[in-house]
**Student:** 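I have a structure I would like to understand better, so I am pasting it below and will then ask my questions one at a time.
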Amino acid sequence: MIKGLHHNAYRCRDSEETRRFYQDFLGLKLKNAFEIETTQTGRETSVLHSFYEMGDGSSLAFFEAPDRPFEFKKQHDFDLHIALEVSRDFLLTMFEKGKKEGIETRGISDHGFIDSIYFRDPNGYVIELTAKKDDLGGNSRTEHSPEEVLSRWQNKKIV
C-alpha cells in the first residue's frame, strides 16, 4: 500500500537560487542536501540533491547536475505545475509578497472548490498555492462524480 508522497524531484539550474525561492520566499525548510559523486553504475558524476520539507513531512527535491545537459523550458500551467495547499490567510499574504518582491505572480483564480495563485520559480516551474473554499470543503467542483466527468470527456473525444 502506498502511504503517501515522500518527495517529487525536479532538475534545477542553480541550487542556491532554488534555495532562495523555496526557503526564503516560500518558507520551506531545507531538510536535507547531499552530493552524489558516483552513480549506481559506477560512473563518476557531480550532482547535488536537495530537499525542502512541507508541513506533512513530504518534500520537494531538486537535482543540480552541471555536467548533464537539461533543457529548461517555460511550462504552461496545464503542462506542468506543482500545487501546494495553504491556508487562505497564507495565500493572500503570498500573493502580496510575490507582487512586492517582483516575482511573476498571477491570480487569484477561483476554481470553484479552491482559490489559487501562481508563481514561477527560478527554473521556470509553475508553483500553485491553493486554499480550499470553506463552504465546499475542497471536495468537488461539480455535482457529478469524477468517473462521470471522465467518461463524458472520453466520449466527447471519440466523436
Side-chain angles (χ1 to χ4, degrees), residues 1-15 17-29 31 40 47 49-65 68-159:
M1 171 195 234
I2 296 173
K3 293 181 180 182
L5 179 67
H6 183 271
H7 71 275
N8 266 8
Y10 304 90
R11 285 288 292 272
C12 69
R13 290 184 183 109
D14 180 86
S15 294
E17 78 175 359
T18 298
R19 185 207 61 77
R20 284 193 300 268
F21 181 83
Y22 287 92
Q23 185 171 1
D24 295 349
F25 178 67
L26 287 181
L28 299 179
K29 178 185 175 195
K31 176 181 180 177
Q40 291 296 318
V47 175
H49 197 17
S50 55
F51 296 77
Y52 296 87
E53 185 175 30
M54 295 186 283
D56 66 356
S58 65
S59 296
L60 290 178
F62 295 89
F63 286 101
E64 181 180 353
R68 307 288 302 168
F70 185 81
E71 184 180 347
F72 289 93
K73 296 188 294 186
K74 192 171 185 176
Q75 299 291 327
H76 185 282
D77 298 1
F78 297 140
D79 297 335
L80 173 68
H81 69 271
I82 303 166
L84 306 172
E85 184 179 342
V86 300
S87 70
R88 178 151 314 281
D89 289 343
F90 190 77
L91 181 90
L92 298 173
T93 298
M94 292 305 293
F95 182 73
E96 294 304 320
K97 184 178 180 181
K99 296 254 185 216
K100 181 179 175 188
E101 294 190 19
I103 293 173
E104 180 183 332
T105 305
R106 293 178 288 116
I108 298 173
S109 296
D110 180 349
H111 295 297
F113 64 110
I114 55 173
D115 286 327
S116 298
I117 60 175
Y118 303 86
F119 305 108
R120 277 205 193 274
D121 85 350
N123 307 295
Y125 300 122
V126 175
I127 305 301
E128 174 183 0
L129 299 184
T130 183
K132 292 178 182 175
K133 294 208 178 213
D134 295 332
D135 56 338
L136 298 173
N139 292 327
S140 179
R141 185 176 183 162
T142 71
E143 296 177 10
H144 304 284
S145 74
E147 293 82 6
E148 290 172 318
V149 173
L150 180 58
S151 177
R152 191 168 37 249
W153 175 261
Q154 287 301 105
N155 289 334
K156 282 175 33 178
K157 290 188 335 183
I158 295 170
V159 173

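FYI, side chains are in, hydrogens and waters are out, and symmetry mates aren't considered; it's all heavy atoms of this structure.
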**Student:** How far apart are the closest heavy atoms of Leu26 and Leu84, and which atoms are they?
**Tutor:** CD1-CD1, 4.4 Å
**Student:** Using 30° and 60° as the class boundaries, would you call the ring planes of Phe119 and Phe21 parallel, tilted or perpendicular?
**Tutor:** perpendicular
**Student:** Can you check whether Lys133 reaches Asp110 side chain to side chain, under 4.5 Å on heavy atoms?
**Tutor:**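 The answer is yes, as the side chains (C-beta and beyond) meet within the 4.5 Å cut-off.
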**Student:** Side-chain contact, heavy-atom cut-off 4.5 Å: Ile82 with Asn8?
**Tutor:**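 The answer is no, as the side chains (C-beta and beyond) never meet within the 4.5 Å cut-off.
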**Student:** Show the nearest heavy-atom pair for residues Ala65 and Val47, with the distance to one decimal.
**Tutor:** CB-CG2, 3.8 Å
**Student:** Students often mix this up, so state it plainly: with edges at 30° and 60°, are the rings of His7 and Phe51 parallel, tilted or perpendicular?
**Tutor:**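 Perpendicular: the ring planes of His7 and Phe51 meet at over 60°.
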**Student:** Taking the side chain as C-beta and beyond, is there a heavy-atom pair between Phe63 and Arg68 under 4.5 Å?
**Tutor:**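 They are not in side-chain contact.
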**Student:** Anything under 30° is parallel, anything over 60° is perpendicular, the rest tilted; go ahead and classify Tyr22 against Tyr52.
**Tutor:**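 The arrangement is tilted - the two ring planes meet at 30° to 60°.
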**Student:** So do the side chains of Ile117 and Leu92 get within less than 4.5 Å of each other, counting heavy atoms only?
**Tutor:** no
**Student:** When you compare the side chain of Val126 with that of Arg106, does any pair of heavy atoms fall below 4.5 Å?
**Tutor:**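 A side-chain contact exists here, since the closest heavy-atom pair is under 4.5 Å.
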**Student:** Does any pair with a residue in residues 87-96 pass salt bridge (charged side-chain N to carboxylate O under 4.0 Å, His left out), and if so which ones, sequence neighbours excluded?
**Tutor:** Arg88-Asp115
**Student:** Minimum heavy-atom separation for Leu60 to Tyr10, with atom names?
**Tutor:**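 In this case the closest contact between Leu60 and Tyr10 is CD2-CE1, 4.3 Å.
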**Student:** Can you list every pair that meets salt bridge (charged side-chain N to carboxylate O under 4.0 Å, His left out) and has a residue in residues 116-130, with sequence neighbours left out?
**Tutor:** Glu104-Arg120
**Student:** Is there a side-chain contact between Arg13 and Phe70, using heavy atoms and a 4.5 Å cut-off?
**Tutor:**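 With C-beta onward as the side chain, the pair stays apart.
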